[in-house]
2 protein chains.
Amino acid sequence: MRIGELAARAGTTTRTLRYYESRGLLTARRGGNGYRTYDEDDLKLLRQIRTLQDFGFDLEETRPFVECLRAGHPEGDSCPASLVVYRRKLGELDTLIEQLTSVRAQVAAQLTRAEAAAPGGPEPKCELGGHG
Amino acid sequence: MRIGELAARAGTTTRTLRYYESRGLLTARRGGNGYRTYDEDDLKLLRQIRTLQDFGFDLEETRPFVECLRAGHPEGDSCPASLVVYRRKLGELDTLIEQLTSVRAQVAAQLTRAEAAAPGGPEPKCELGGHG
DNA sequence: TCTTGCCTTGACGTCGGCGTCAAGGCTTAC
DNA sequence: GTAAGCCTTGACGCCGACGTCAAGGCAAGA
């Protein structure tokens, strides 16, 4: 198949595929007219990249998975190098979630304080008795 | 005080202060020699910006806080517009944390699956009996 | 043959928050 | 006077993952 069809089947754009190629991921054969030609394996490889990208992996972080598939392994994460990336990512995610949770708490505290200090009353969430 | 001192006292750089000025935050008076001159109020304003930046707020999102302080309010979040930003940010943080938590779980699942499928054994976390 | 729609390479644009360099002016210490 | 250390404006660089435009080639249908 050609680049347009591959892009469509992977839910991305031709520009993206050429970019991946420029980065050394996703190589392509060429037809007699110079057009790029791909097969089902390329689709599988591309879907591996896209899945990881959706997870927030950098393009470089997908490289071990790509090389693993190219080496003939059944899955992109069938190789130790891929597992290393998984574990590192888990650590990064934990750290990030922790930081964001902390920030969330601080912002919430600021909001509560600011609302309490606001003129016109602190916008009560529940009205204890009274309904007017 | 001049720009270098203000930057130092706020733990940032002169380049950053000029950038804030170019964005319309943090205005400055000028001395006879053309140098920017700041006072303690400017420092307070700058610290407000920096705090929000550390929380992950975009520069644009700090504008209501800045305008609130400029209007003479005691705190940057003494104005309704600032509270709106707080609430929106809380929502964004909740969404983001939720997404990251979901991704974390998916990555963890992939790692577990890949480890189980790996040749050479699934790297057991604990050894039940046997120690050699 | 002409249009339409794919494809090619090349190259500049985007976004945010600055970093960094250039070229020069003011002030103070020595 | 001159070197050091502050300041000024202007402008290009950076990062990542592409978007978008330009100029042109190839293929297929009417």
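Predicted model, so just to flag it, every value in this text is computed and none were measured. Chain A is the first sequence line, chain B the second, and so forth, proteins listed ahead of strands; every chain is numbered from 1.
- Residue L6(B) contributes atom CG, which lies 11 Å from atom P of dT8(D) at whole-angstrom precision.
- For R29(A) and D39(A), the salt-bridge test passes: some basic side-chain N is under 4.0 Å from an acidic carboxylate O.
- Note on Q53(A): a side-chain N or O is less than 4.0 Å away from OP1 or OP2 of dC18(D).
- Defined by atom type and a distance below 3.5 Å, a donor-acceptor pair is present between the side-chain atoms of Y20(A) and R50(A).
- The residues K44(A) and E40(A) are annotated as not salt-bridged, no charged nitrogen and carboxylate oxygen being separated by less than 4.0 angstrom.
- A donor and an acceptor atom, one from each side chain of S102(B) and E98(B), are nowhere located under 3.5 Å apart.
- Taken residue by residue, residues 21-50 of chain A places heavy atoms nearer than 4.0 Å to DNA chain C at R30(A), G34(A), Y35(A), R36(A).
- Atom-to-atom, CD of E60(A) to P of dC18(D) comes out at 13 Å; the value is rounded to the nearest Å.
- Side-chain N or O atoms of D58(A) include none that pairs as donor or acceptor with a backbone N or O of E61(A) at under 3.5 Å.
- Rounded to whole angstrom, the span from the CZ atom of R2(B) across to the P atom of dT8(D) amounts to 9 Å.
- Taking a cutoff of 4.0 Å between a charged side-chain nitrogen and a carboxylate oxygen, R63(A) and E60(A) qualify as a salt bridge.
- Heavy-atom distances under 4.0 Å link DNA chain D to T13(A), R15(A), T16(A) of residues 7-16 of chain A, given in residue order.
- Rounded to whole Å, atom C1' of dG16(C) lies 8 Å from atom CG of D58(B).
- Rounded to whole angstrom, the span from the OH atom of Y19(B) across to the C1' atom of dT20(C) amounts to 16 Å.
- Rounded to an integer number of Å, the gap from E61(A) CD to dC15(D) C1' is 15 Å.
- Direction change of the helix axis from one end of the helix from dT1(C)-dA30(D) to dC30(C)-dG1(D) to the other is 30°, with five pairs defining each end axis (rounded to 10°).
- Ionic pairing of R113(B) and E75(A) is not present here: no N-O contact between side-chain nitrogen and carboxylate oxygen is shorter than 4.0 angstrom.
- Ring centers of Y86(B) and F55(B): at least 6.0 Å apart, outside the cut-off.
- Atom CD1 of I3(A) is separated from atom P of dC18(D) by 13 Å (rounded to the nearest Å).
- Ionic pairing of R2(A) and E5(A) is not present here: no N-O contact between side-chain nitrogen and carboxylate oxygen is shorter than 4.0 angstrom.
- One interatomic measurement links the two molecules: CG of L52(B) to C1' of dG16(C), which rounds to 16 Å at whole-angstrom precision.
- The main-chain N or O of T12(B) is never found under 3.5 Å from a side-chain atom of T16(B) such that the two would form a donor-acceptor pair.
- Between E115(A) and R87(B) a salt bridge is recorded (basic side-chain N to carboxylate O distance below 4.0 Å).
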